[in-house]
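The structure appears right after this line, and notes come after that.
Bear in mind the structure is a predicted one, so any value in this text is a computation, not a measurement. By convention in this document, chain letters (A, B, ...) are assigned in the order of the sequence lines, proteins followed by strands, and residues within each chain are numbered from 1.
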Amino acid sequence: NAGVMQNPRHLVRRRGQEARLRCSPMKGHSHVYWYRQLPEEGLKFMVYLQKENIIDESGMPKERFSAEFPKEGPSILRIQQVVRGDSAAYFCASSSGGAYGYTFGSGTRLTVV
Amino acid sequence: AQRVTQPEKLLSVFKGAPVELKCNYSYSGSPELFWYVQYSRQRLQLLLRHISRESIKGFTADLNKGETSFHLKKPFAQEEDSAMYYCALRGTGANNLFFGTGTRLTVIP
């Protein structure tokens, strides 16, 4: 079991470009969570998805950010028209939805230049 | 609304000294509390959960509902304990976790 896989590990984008971050949950996990870690700050919840459904997106910025978890394939966090302030580490976690905590991926470090 | 507060951004202790990382929470129901740890260049991993009442790597944490706290303690700090520690809360019936801002622990040799 490879655990939660995130790719790419590092992503550099110019201002105005799009960033697509992928997360493949652990085998058997159907719940995916995205978090953002800004420099010198803690983990901020962004969005919680189950297959084909967004359950809670209360932490997502209203514009430019979107997330999906299709029936087939990984979950995608998409950031359109990136700005310097989007530079951060983005972590994905997955769970089976039960009483136990999450399993985290290694994160994607996005740098906007 | 739920809130997790870790008042100390940075904490330094000498090797062998006791360590306590503070966590306070705000939640109207009965939450589930967790401590996660992130060692240098590693992914975030679960350290312990309050419902397990276990000791992991010498760390313990007791849920104090009266003080709404879930402080993490270890009697004798080791250099390998240096890491970022996050307190997290899951609300009743919820699946997603809310994290505090984290405390970076440095154990000085």
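- Remark: the A:Tyr102 side chain and the B:Gln45 side chain contain no N/O donor-acceptor pair separated by less than 3.5 Å.
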Check: residues 69-79 of chain A side-chain donor-acceptor pairs under 3.5 Å, at least two apart:
| residue | atom | partner | partner atom | Å |
| --- | --- | --- | --- | --- |
| A:Ser75 | OG | A:Trp34 | NE1 | 3.0 |
| A:Ser75 | OG | A:Glu68 | O | 2.9 |
| A:Arg78 | NE | A:Glu18 | OE1 | 2.8 |
| A:Arg78 | NH2 | A:Glu18 | OE1 | 3.0 |

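- Tracing side-chain contacts under 4.5 Å through hydrophobic residues (I, L, V, M, F, W, Y), one never reaches A:Val32 starting from A:Met26; they form parts of separate clusters.
- Grouping the Ile, Leu, Val, Met, Phe, Trp and Tyr side chains by contacts below 4.5 angstrom, directly or via other members, places A:Val82 with A:Met60.
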- Would you sort out whether A:Ile55 and B:Asn96 count as a side chain to side chain contact (heavy atoms under 4.5 Å, CB included), showing the intermediate values? CA-CA 10 Å; A:Ile55 307 302; B:Asn96 47 327; over 6 Å; no

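- Around the CZ atom of A:Arg109, the shell of radius 6.0 Å holds no more than 12 heavy atoms that belong to other residues, nucleotides or ligands.
- Only the side chain of B:Gln38 comes within contact range of chain A, judged by heavy atoms closer than 4.5 Å.
- Among residues at least two apart or in separate chains, ring-ring contact (aromatic ring centres under 6.0 Å, His included) pairs with a member in residues 38-63 of chain B are B:Phe59-B:Tyr85.
- For A:Gln17, the CD atom sits in a packed shell: over 12 heavy atoms of surrounding residues, nucleotides or ligands are nearer than 6.0 Å.
- In this structure, the separation between CG on A:Leu43 and OH on B:Tyr36 is 10.5 Å, given to the nearest 0.5 Å.
- In this structure a side-chain-to-backbone donor-acceptor pair under 3.5 Å is missing from B:Arg43 to A:Thr103.
- Between B:Phe99 and A:Phe45, the gap from one ring centroid to the other reaches at least 6.0 Å.
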- Could you go step by step and tell me if A:Phe104 and B:Gln42 meet the side chain to side chain contact (heavy atoms under 4.5 Å, CB included) rule? CA-CA 10 Å; A:Phe104 276 87; B:Gln42 294 187 27; over 6 Å; no

